[in-house]
Amino acid sequence: MATESAAAAPSIPSLVDRYFTRWYKADVKGKPCEDHCVLQHSNRICVITLAGSHPVLQSGKTIESISYQISTNCSRLQNKVSGKFKRGAQFLTELAPLCKIHCADGEEYTVSSCVRGRLMEVNENILRKPSILQEKPSTEGYIAVVLPKFEESKSITEGLLTQEQYE
Amino acid sequence: MFPLTEENKSVAWLLLSTGTCPRCIFRFCGVDFHTPYKLPYKDLLNELQKFLETETDTVILEVPNPPLKKIRLQESDDETADLSQNGEGRLSADGSIAPRPSRLNVCNICLGILQEFCEKDFIKKVCQKVEASGFEFTNLVLSVSFPPQLSVREHAAWLRVKQERGKQSLSLGRNDIIQLKEAYKWITHPLFSEELGVPIDGKSLFEVSVVFAHPETVEDCHFLGTICPDCFKPAKNKQSVFTRMAVMKALSQIKEEDFLKWFPCPPNPPKAVCSVLEMECAHGAVFVAGRYNKYSRNLPQTPWIIDGERKLESSVEELISDHLLAVFKAESFNFSSSGREDVDVRTLGTGRPFAIELVNPHRVHFTSQEIQELQQKINKSSDKIQVRDLQLVTREALGHMKAGEEEKTKTYSALIWTNKAIQEKDIEFLNDIKDLKIEQKTPLRVLHRRPLAVRTRLIHTMETHYLDQHHFRLRLKTQAGTYIKELVHGDFGRTQPNIGSLLSVTADILELDVESVDVDWPPALDD
């Protein structure tokens with residue numbers, strides 16, 4: 001937990017800053033500015049989010065709908081994991097699509113996994129209320145949770161940029 | 001008074017002449033009182049031989065020297081095979097009269113267990129080991145383990161003796177024979193008691209165990225594996241597949257004719273005596289319970305070690321258990337508690353119930369005064385934790401503690417920060433919410449080791465204490481198993497509702513204390 005401090009917002013490390021390391025992937029799939037931010041917990045679990053520069057998060061953009069049906073046979077919503085070892089999860093590679101975002105202006109964006117691992121869950125809250133994705137992209141508006149293989153937990157970030165590198 | 005009667009003569013003769021010791025002979029003649037077994041071996045042998053001297057026309061005047069006869073048996077193979085399997089055994093026709101043996105060779109049924117291994121010298125050796133081990137005990141239970149092929153030999157002897165009794169129109173049920181282990185205990189229990197000065201008690205926690213082995217075990221049991229293969233599971237860790245249970249199962253299944261075909265009845269004399277594989281003593285676990293308070297925000301409950309490196313110094317369990325381990329002189333401990341708290345959470349109030357299992361303690365008797373002193377010692381040694389109500393408890397009592405983990409409520413105090421400025425009136429409504437139902441997905445911070453699931457929990461009551469525009473304290477009473485931190489910050493929206501969503505702010509938790517664990521065990525002690 002953060003140490004006690006009397007000041008308001010800025011001086012206290014947020015939940016994300018306390019437990020997670022931010023990793024970035026810029027221009028995913030070659031698309032300019034479609035940057036993703038992977039939040040890696042100290043226990044190796046990764047939360048996939050959109051980085052601030054992503055077109056969907058720019059002002060004026062309205063999201064019409066979000067779909068987890070990434071192909072005719074595959075919906076991320078059908079992902080079911082069971083047990084401590086998370087059996088049955090869909091396995092993701094770095095470029096695996098997580099969801100498609102349809103905007104009012106006709107643009108469609110695909111969000112990719114960026115890390116290899118088992119899909120734990122996708123965020124159903126943004127299905128119901130897509131604006132959450134834009135209001136709180138780093139927390140309530142997350143896209144998905146991925147559990148990398150134990151052996152790969154350090155190596156998965158090799159292809160990603162640190163906060164400093166990104167900026 | 002010699003326990004055998006006229007009726008037993010032919011069986012006794014048969015057994016003695018094939019190499020069976022006097023005590024086993026008694027067993028097969030159904031001698032079910034202790035006294036004869038306790039007499040010295042030499043005397044028993046003499047009495048037996050005297051008993052068997054007879055002027056009737058059973059033709060034998062002196063019992064042939066069993067060792068010599070054995071040698072003769074082995075020399076004439078075919079004849080032997082015939083005789084031992086048809087069981088006629090009477091070699092009176094040989095007319096071999098040899099000097100009496102002063103001692104019998106190794107018994108073909110008990111392999112020496114009821115010969116040298118139940119006598120005072122051996123018992124003394126075991127007792128020396130017990131005394132050297134440094135255990136404190138007021139009674140003991142003796143546990144003895146015999147090599148599996150004793151069952152095979154016993155079975156063989158029974159078949160042969162049954163046949164012999166049949167000639168006299170008498171029967172011999174399997175249960176008419178005195179069990180080897182029983183006779184062994186009749187003889188040895190008083191010897192142990194005398195040597196160590198304590199009674200034998202089947203319920204004692206202090207166990208002296210002796211394990212016997214014999215080199216011919218596999219050899220003797222091998223045929224069972226062929227006839228009853230499904231009784232024997234493949235051997236793991238280089239242990240013999242012929243375990244006692246498996247052998248007994250096979251013996252209960254095997255048909256008499258098959259057994260007689262494969263194994264000599266009565267059994268052949270062994271080439272070696274039993275050996276002692278193991279002589280150990282151990283004390284059953286004792287349990288110490290109490291309640292602990294945790295005053296440090298930097299102390300894990302169990303040692304925190306990653307990749308062999310200790311991340312934080314010490315732990316709740318070590319701070320308490322190390323003292324107990326030393327005083328009880330135990331080998332190791334198992335610490336358990338009614339739930340647990342994070343490293344950075346304090347445990348206040350009357351504390352959290354815990355119980356420590358002390359494994360193989362060498363010292364077990366303590367007065368309540370001594371336990372109190374032990375409690376004081378623990379409390380003086382650290383300011384990070386304190387214990388109370390320290391007491392010895394039974395294993396059964398542990399159930400109370402674990403029940404607490406699932407069923408009982410807990411109360412907490414949390415220091416909460418909000419990103420938006422709040423007024424006192426903004427948070428007052430929380431005080432009126434009773435039994436708020438929340439749904440918590442497995443928190444991300446434990447998702448790597450817990451299954452993904454949704455937990456429904458009740459927040460029974462809440463009480464707010466306004467501090468300033470961005471801080472307030474929240475006291476809450478919740479159902480067991482509620483993740484409080486996630487209730488406050490929402491865990492990426494995966495706990496709904498959460499304090500942030502209820503107040504329409506982004507909330508975070510700065511401090512958490514456990515105020516009470518509502519389990520009324522262990523019983524409170526007045527200090």
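- In this structure, chain B has no heavy atom under 4.5 Å from any part of A:I126.
- Atom CD of A:Q69 sits in a crowded spot, with more than 12 heavy atoms from other residues, nucleotides or ligands closer than 6.0 Å.
- The neighbour count for B:R310 CZ, taken as heavy atoms of other residues, nucleotides or ligands under 6.0 Å away, is above 12.
- For A:N125, the part lying near chain B is the side chain, with the backbone staying farther off; criterion is any non-hydrogen pair under 4.5 Å.
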Might you work through the side chain to side chain contact (heavy atoms under 4.5 Å, CB included) test for B:F492 and A:N123, ending with a clear yes or no? CA-CA 9 Å; B:F492 288 64; A:N123 190 354; over 6 Å; no
Steps toward side chain to side chain contact (heavy atoms under 4.5 Å, CB included) verdict (B:L447, A:H41): CA-CA 10 Å; B:L447 187 53; A:H41 194 283; over 6 Å; no
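- Contacts between A:S138 and chain B at a heavy-atom distance below 4.5 Å involve the backbone alone (N, CA, C, O).
- The number of heavy-atom neighbours closer than 6.0 Å to NZ of A:K80, taken from other residues, nucleotides and ligands shown, is 12 or below.
- At distances below 3.5 Å, at least one donor-acceptor pair connects side-chain atoms of A:K86 with backbone N or O atoms of B:R450.
- Separation of atoms CG (B:D491) and CD (A:E140) is listed at 9.5 Å; rounding is to 0.5 Å.
- For a residue to count as touching a neighbouring chain, one of its non-hydrogen atoms must lie under 4.5 Å from one of that chain's; by this rule B:K441 touches chain A with the side chain only.
- Interface residue B:R494: only side-chain heavy atoms are found under 4.5 Å from chain A.
- The part of A:S14 that comes within reach of chain B is its backbone (N, CA, C, O), which places non-hydrogen atoms under 4.5 angstrom from that chain.
- For B:V446, the part sitting under 4.5 Å from any heavy atom of chain A is the backbone (N, CA, C, O) and nothing else.
- Looking at B:Q469, neither its backbone nor its side chain comes within 4.5 Å of chain A, counting heavy atoms on both sides.
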With side chain to side chain contact (heavy atoms under 4.5 Å, CB included) as the test, would you mind laying out the steps for B:L444 and A:M120 before giving the verdict? CA-CA 10 Å; B:L444 292 178; A:M120 294 289 95; over 6 Å; no
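- Among the residues in residues 423-433 of chain B, none has a non-hydrogen atom closer than 4.5 angstrom to a non-hydrogen atom of chain A.
- For A:I45, the part lying under 4.5 angstrom from a heavy atom of chain B is the side chain only.
- At most 12 non-hydrogen atoms from other residues, nucleotides or ligands lie less than 6.0 angstrom from NZ of B:K437.
- Atoms OH and NE2, from A:Y19 and B:H489 in turn, are 6.0 Å apart once rounded to the nearest 0.5 Å.
- Remark: A:K61 NZ is packed, more than 12 non-hydrogen atoms of other residues, nucleotides or ligands lying under 6.0 Å away.
- Atom NZ of A:K84 has 12 or fewer heavy atoms from other residues, nucleotides or ligands within 6.0 Å.
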